[in-house]
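What follows is a single structure, written as structure tokens, with notes after it.
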Amino acid sequence: MTEAARPANPAPPAETSHPGKGLNLALATSASVMAFWAWNIVAPLGARYTQEMGLDSTATAVLVAMPIFVGSLGRIVVGAMTDRFGGRVMFTFVLLGSVPPVLLVALGGSLGSYAVVLGAGLLLGIAGTVFAVGIPFVSAWYEPSRRGFATGVFGAGMGGTALAAFLTPRLVTWIGYLPTHLLIAGLLVVMGAVIWFNLKESPDWHRNTAPVIPKLKDAAGLAVTWKLCFLYAIVFGGFVSFATYLPTYLRDIYQFDPTAAGTRTAGFALAAVLFRPIGGVLADRIGSKPVVLSSLAGIAVLAFVVNLRPDGEIPAGLTFVAMAAALGLGTGGVFAWVGRLSPQGKVGSISGIVSAAGGMGGYFPPLVMGATYNAEDNSYFIGLMLLVVTATVAFVFTLVAIRPPQQPAPQGVLKGT
């Protein structure tokens with residue numbers, strides 16, 4: 001929005017007019033944590049399914065990537081629905097709608113049925129749509145100059161993947177496979193109730209009752225939507241693919257057992273979670289472009305280092321933590337652009353398309369890693385080099401094709417988003 005398009009008498013800053021925004025941001029982030037845990041319950045047990053069901057690397061990759069597929073495409077529709085029904089309704093829908101798939105995973109795993117777990121993984125995609133609910137919800141609570149911070153904090157809800165990686169294998173060991181999934185289902189129900197009875201919409205949010213299909217076509221017609229789709233597919237897709245496939249990678253390359261691999265994957269996810277809001281805050285202060293460029297350069301260099309298989313706990317650990325930090329910075333930086341540039345009433349539609357691209361960016365790499373794994377040399381060279389090339393192309397694209405947006409003044413711009 002240009003200076004001329006700003007209202008002559010802007011509304012008061014959101015800090016003074018909407019004192020409940022901090023609580024609602026915290027509730028939304030908590031809901032995201034729980035949904036991301038449910039979305040990622042298959043991957044931490046990938047080694048278990050491989051052993052019990054006699055799967056090869058490709059079948060395992062398909063299994064752990066399946067929830068990402070539906071979760072990615074579903075974000076497009078859920079984002080548009082959030083513009084119409086609001087965050088309270090859609091958060092509750094996503095959380096409660098994730099319960100049956102979790103129970104179906106429990107059934108399939110207990111029966112040792114690959115088909116049932118795979119089908120449940122498709123339905124688990126419901127949990128992965130939570131991101132398209134939260135971005136428009138928190139954006140409505142915060143003024144444009146603070147949306148990088150708000151979307152960054154909400155994005156830290158992807159820390160649910162860290163919980164999944166760290167707790168799920170341990171819970172299976174402590175209380176058993178079926179009770180673990182029953183516990184997760186119960187927590188989803190509790191969180192759904194908390195959201196329904198406590199979450200409130202921003203006073204600046206207004207229901208968008210336009211038909212969904214034309215609204216999505218309108219959002220898809222914006223050039224900025226597709227530019228950010230490409231970038232988010234790299235940074236968030238990279239995070240998702242590492243978070244889902246890292247347990248398998250660590251098993252193959254470093255011979256870790258499921259619990260040890262899960263612990264290290266949780267550390268990776270936690271580092272990305274911590275750096276996402278940092279990326280958002282830096283984008284608020286210096287602009288998204290330098291943040292995203294730094295992220296992409298780091299991803300390209302570190303993917304090459306990962307391929308060298310750094311030996312020893314500390315060198316390998318620091319390499320993966322640095323990769324997580326680079327990915328986290330990039331996700332925060334890209335979505336700061338989304339929250340700031342989306343026109344009135346279109347944050348949900350645009351964020352749904354962009355976040356879908358991010359999810360799809362996380363769907364294909366595990367499949368590529370599984371398909372290109374060289375068992376004879378115990379090597380993932382092809383998959384990692386493809387990441388190096390892709391991140392390098394994205395760096396050049398960001399440098400030459402995306403201009404930094406104008407920094408909006410800290411007044412009530414883009415009301416109603």
Side-chain angles (χ1 to χ4, degrees), residues 24-25 27-40 67-83 85-95 97-98 124-141 147-148 150-164 188 191 195 199 219 225 228-229 231-241 243-244 269 272-273 276-277 279-280 327-328 330-339 342 347-363 417:
N24 283 281
L25 177 59
L27 287 171
T29 304
S30 299
S32 180
V33 169
M34 194 63 242
F36 264 86
W37 185 357
W39 195 32
N40 202 46
I68 303 172
F69 180 72
V70 175
S72 303
L73 297 180
R75 289 179 178 190
I76 299 174
V77 176
V78 169
M81 291 175 66
T82 302
D83 284 339
F85 298 108
R88 175 173 173 263
V89 170
M90 294 307 299
F91 271 126
T92 305
F93 167 78
V94 168
L95 290 165
S98 302
L124 271 177
I126 294 172
T129 65
V130 70
F131 203 79
V133 179
I135 294 299
F137 175 81
V138 302
S139 292
W141 275 103
R147 285 180 183 159
T151 57
V153 170
F154 172 75
M158 65 188 191
T161 58
L163 282 180
L188 286 167
M191 182 57 68
I195 291 297
L199 199 73
T225 301
L228 297 180
C229 278
L231 295 180
Y232 203 61
I234 307 300
V235 293
F236 185 74
F239 165 75
V240 171
S241 57
T244 54
V273 165
R276 177 159 190 154
L327 292 166
T331 56
V334 171
F335 248 100
W337 263 334
V338 175
S342 298
V347 180
S349 300
I350 294 174
S351 64
I353 294 172
V354 174
S355 59
M360 290 305 294
Y363 174 71
T417 56

Could you walk me through whether M158 and T331 pass the side chain to side chain contact (heavy atoms under 4.5 Å, CB included) check? CA-CA 11 Å; M158 65 188 191; T331 56; 4.2 Å; yes

Worked verdict on S349 versus I353 for side chain to side chain contact (heavy atoms under 4.5 Å, CB included): CA-CA 6 Å; S349 300; I353 294 172; 5.6 Å; no

With sequence neighbours excluded, tell me which residues meet ring-ring contact (aromatic ring centres under 6.0 Å, His included) with F69.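 Applying ring-ring contact (aromatic ring centres under 6.0 Å, His included) to F69 gives Y363.
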
Measure the spacing between CH2 of W337 and CG of L228 and express it to the nearest 0.5 Å.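 Going from CH2 on W337 over to CG on L228, the span is 7.0 Å.
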
Any chance you could measure N40, atom CG, to T244, atom OG1, to the nearest 0.5 Å?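 With rounding to 0.5 Å, CG (N40) is 6.5 Å from OG1 (T244).
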
Validation: residues 28-39 side-chain donor-acceptor distances under 3.5 Å, sequence neighbours left out:
unit_1: T29; atom_1: OG1; unit_2: L25; atom_2: O; d: 2.8
unit_1: S30; atom_1: OG; unit_2: A26; atom_2: O; d: 2.9
unit_1: W37; atom_1: NE1; unit_2: T168; atom_2: OG1; d: 3.1
unit_1: W39; atom_1: NE1; unit_2: P67; atom_2: O; d: 2.8

Contacts of [X] that satisfy side chain to side chain contact (heavy atoms under 4.5 Å, CB included) - sequence neighbours left out:
X    : answer
A356 : R75, I76
F85  : M81, V89, M90, R207
T92  : L96, I195, W196

Before you tell me yes or no, could you show the steps for T161 and F239 under side chain to side chain contact (heavy atoms under 4.5 Å, CB included), namely the whole-Å CA-CA distance, both residues' side-chain angles and the distance that decides it to 0.1 Å? CA-CA 10 Å; T161 58; F239 165 75; 3.3 Å; yes

Tell me, with the steps shown, if V235 and L231 meet side chain to side chain contact (heavy atoms under 4.5 Å, CB included). CA-CA 6 Å; V235 293; L231 295 180; 5.6 Å; no

N/O donor to acceptor pairs below 3.5 angstrom from side-chain atoms of residues 125-138, sequence neighbours left out:
unit_1: T129; atom_1: OG1; unit_2: I126; atom_2: O; d: 2.7

If we ignore hydrogens and angles and just use 3.5 Å, is the side chain of T225 paired with the main-chain N or O of A219 as donor and acceptor?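 Yes, T225 side chain to A219 backbone: donor-acceptor pair under 3.5 Å.
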
Looking only at non-hydrogen atoms, find the nearest pair between G148 and T151 and report the distance.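 Nearest pair, atom of G148 first, then T151: O-OG1, 3.4 Å.
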
